[in-house]
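Before any comments, here is the structure.
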Amino acid sequence: MSTLHAVTVLGHDRPGIIADTTGRLAGLGLNLEDSTMTLLRGHFAMMLLCAGDTPAAEIESALAPLTDDGTLTVTVREVPQESGASARGSSWVLTVHGGDRPGIVSSVVGRVADAGGNITDLTTRLAGDLYLVVAEIDLPAGADVDAVTAAIREAAAELGVGATLRPAEADEL
């Protein structure tokens, strides 16, 4: 059975980070199973889950040259394999927009957590004074969507921002 490793790469953006990282992992015979990458105001952030028989120390050694110039930080850690799919309810997309202020994300997604919902993807952007949140959410089967929507709207109103919860489209790309 192969081992699953989480690899994070953080630092100042430059061309080739993804190619260098994934090339080194492939060279070790590791299979890239899940990944996400984004730029945050000129800073690169990537998380990868890769599987294979290579020990963490060997992965760290192979990725060490990426950190030589001091602009990137790389971490590797073994993570447990998930034991099958969890029961899913329904998928939703939450958008929040309004004037920037502390607490927007924690207040609104806290209402999702209170309902047993799980955030599966979250993106935020600040454009001038406008703050935008887009979150993909799984609500448990039997969740009272109207109550969740009302709780989210209540939190948004307290913050002076707008919020919308809508079903995720199965055919969206």
In the structure I gave you, are the side-chain heavy atoms of Glu78 and Pro55 within less than 4.5 Å of one another anywhere?
no

Do the side chains of Arg14 and Asp20 get close enough for a salt bridge, i.e. N-O under 4.0 angstrom?
yes

For the side chain to side chain contact (heavy atoms under 4.5 Å, CB included) test, which of Asn31, Val7, Leu4 pairs with Cys50?
Val7

On a heavy-atom basis, the closest approach of Ile152 and Ala163 is CG2-CB, 3.7 Å

Taking the side chain as every heavy atom from C-beta outward, state whether Val74 and Leu10 have any pair of such atoms under 4.5 Å apart.
no

Non-hydrogen side-chain atoms of Val79 and Leu49 separated by less than 4.5 Å
yes

Within a 6.0 Å radius of atom CG on Asp129, are there more than 12 heavy atoms belonging to other residues, nucleotides or ligands?
no

Check the pair Glu136, Arg166 against salt bridge (charged side-chain N to carboxylate O under 4.0 Å, His left out), reporting the backbone distance first and the verdict last.
CA-CA 10 Å; Glu136 294 176 21; Arg166 66 173 175 81; over 6 Å; no

Note: Val76 and His5 closest approach over all heavy atoms is CG1-CD2, 4.0 Å

Does Ile17 offer a backbone N or O that forms a donor-acceptor pair with the side chain of Thr21 under 3.5 Å?
yes

Look at the side-chain heavy atoms of Ile, Leu, Val, Met, Phe, Trp and Tyr, link any pair under 4.5 Å apart, and say whether Leu66 and Leu39 land in one connected group.
yes

If you group Ile, Leu, Val, Met, Phe, Trp and Tyr by side-chain heavy-atom gaps below 4.5 Å, do Tyr131 and Leu122 land in one group?
yes

Kindly say whether Ala64 contributes a backbone atom to a donor-acceptor pair with the side chain of Thr67 at under 3.5 angstrom?
yes

Check the pair Asp13 / Thr71 against side chain to side chain contact (heavy atoms under 4.5 Å, CB included), numbers first and verdict last.
CA-CA 8 Å; Asp13 187 39; Thr71 62; over 6 Å; no

Are Leu32 and Ile18 co-members of a hydrophobic cluster defined by side-chain heavy atoms under 4.5 Å apart?
yes

Shortest non-hydrogen contact from Gly99 toward Ile104:
O-CD1, 3.5 Å

Do Val105 and Val112 land in one hydrophobic cluster if side-chain heavy atoms of ILVMFWY residues count as linked below 4.5 Å?
yes

Would Leu40 end up clustered with Phe44 when hydrophobic side chains under 4.5 Å apart are linked, directly or stepwise?
no

Closest non-hydrogen atom pair, Gly162 against Ala156:
C-CB, 4.3 Å

Please confirm whether the backbone N or O of Leu28 pairs with a side-chain atom of Thr54, one donor and one acceptor, at under 3.5 Å?
yes

Any side-chain donor paired with an acceptor under 3.5 Å for Ser91 and Asp138?
yes

If you measure from the Lys or Arg side-chain nitrogens to the Asp or Glu carboxylate oxygens, is any gap between Glu158 and Arg111 under 4.0 Å?
yes

Using modelled atom types only, decide if a donor and an acceptor are shared between the side chain of Arg77 and the backbone of Ala6 within a distance under 3.5 Å.
no

Compare every heavy atom of Gly42 with every heavy atom of His12, then report the nearest pair and how far apart it is.
ND1-O, 3.8 Å

Shortest non-hydrogen separation from Leu72 to Gly11 and the atoms involved:
CD2-CA, 3.8 Å

